[in-house]
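Okay, structure first, notes after.
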Amino acid sequence: MRPLFRPLPPSRHRSGGVGTSQVPDPLPIARALAGHEGLARLGRLLHESNRRMAVVLPALPGTLSRFVRPGPVDEEGWSLLAANAAVAAKLRHLQPHLEAMLAEQGIQPHQIRIKVQQQG
């Protein structure tokens, strides 16, 4: 009687061992982002959001910066995510100054939206 399935030949792993499947080398995140149009755009937006955060960070008093995260950037402006309503209120008070800092750096559009980050 003939077997239904023929065993596959053993494959070689990077280490040269027999019997393990070959695993490709991991792709660095920068190459993965650059190689896909949608991911590349997402990477640029993430970089731009972090750049804006670096500009306004010195203006955040005391430990307030621990409760603020950079949010999305779009054609209309940039969002700052506040950990709670009290932090959002303080950011709204600082908003004109933060927008002026972005404008001084030539960052357009320099409008900032303040949003309370949803807990979940």
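Computed from a prediction, not measured in an experiment: that's the story for all the values here. Side-chain atoms are counted along with the backbone in the values below, which use heavy atoms only and exclude waters and symmetry mates.
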Before accepting this row, confirm whether a basic side-chain N of the pair Arg52/Glu48 lies closer than 4.0 Å to the acidic partner's carboxylate O. yes
Which atoms form the tightest heavy-atom contact between Ala88 and Val116, and what is the distance? CB-CG2, 3.8 Å
Can you tell me how far the NZ atom of Lys115 sits from the CG atom of Leu91, to the nearest 0.5 Å? 14.0 Å
Hey, could you give me the CD1/CG distance between Ile112 and Leu80, rounded to the nearest 0.5 Å? 5.5 Å
With clusters defined by side-chain heavy atoms of hydrophobic residues (ILVMFWY) lying less than 4.5 Å apart, directly or transitively, does Ile114 cluster with Val73? yes
Indicate, with yes or no, if Phe67 and Leu98 share a hydrophobic cluster defined by side-chain heavy-atom contacts under 4.5 Å among Ile, Leu, Val, Met, Phe, Trp and Tyr. yes
Applying side-chain contact (heavy atoms from CB on, under 4.5 Å) to Gln105 and not counting sequence neighbours gives Val55, Ile107
Minimum-distance pair of heavy atoms, taken over all atoms of Pro61 and Lys90: CG-CE, 4.0 Å
Applying side-chain contact (heavy atoms from CB on, under 4.5 Å) to Leu57 and not counting sequence neighbours gives Met53, Leu60, Ser65
Between Asn50 and Pro70, the two heavy atoms sitting closest are OD1-CG, 3.6 Å
All heavy atoms of Ala82 vs all of Val87, minimum pair found to be CB-CG1, 3.7 Å
Is the backbone N or O of Glu99 less than 3.5 Å from a side-chain atom of Gln111, with the two atoms forming a donor-acceptor pair by type? no
With clusters defined by side-chain heavy atoms of hydrophobic residues (ILVMFWY) lying less than 4.5 Å apart, directly or transitively, does Leu42 cluster with Trp78? no
I want to check something: taking the side chain as every heavy atom from C-beta on, are Glu76 and Arg113 in contact at a cut-off of under 4.5 Å? yes
Give me the atom names and distance for the closest heavy-atom approach of Asp74 to Pro109. O-CG, 4.1 Å
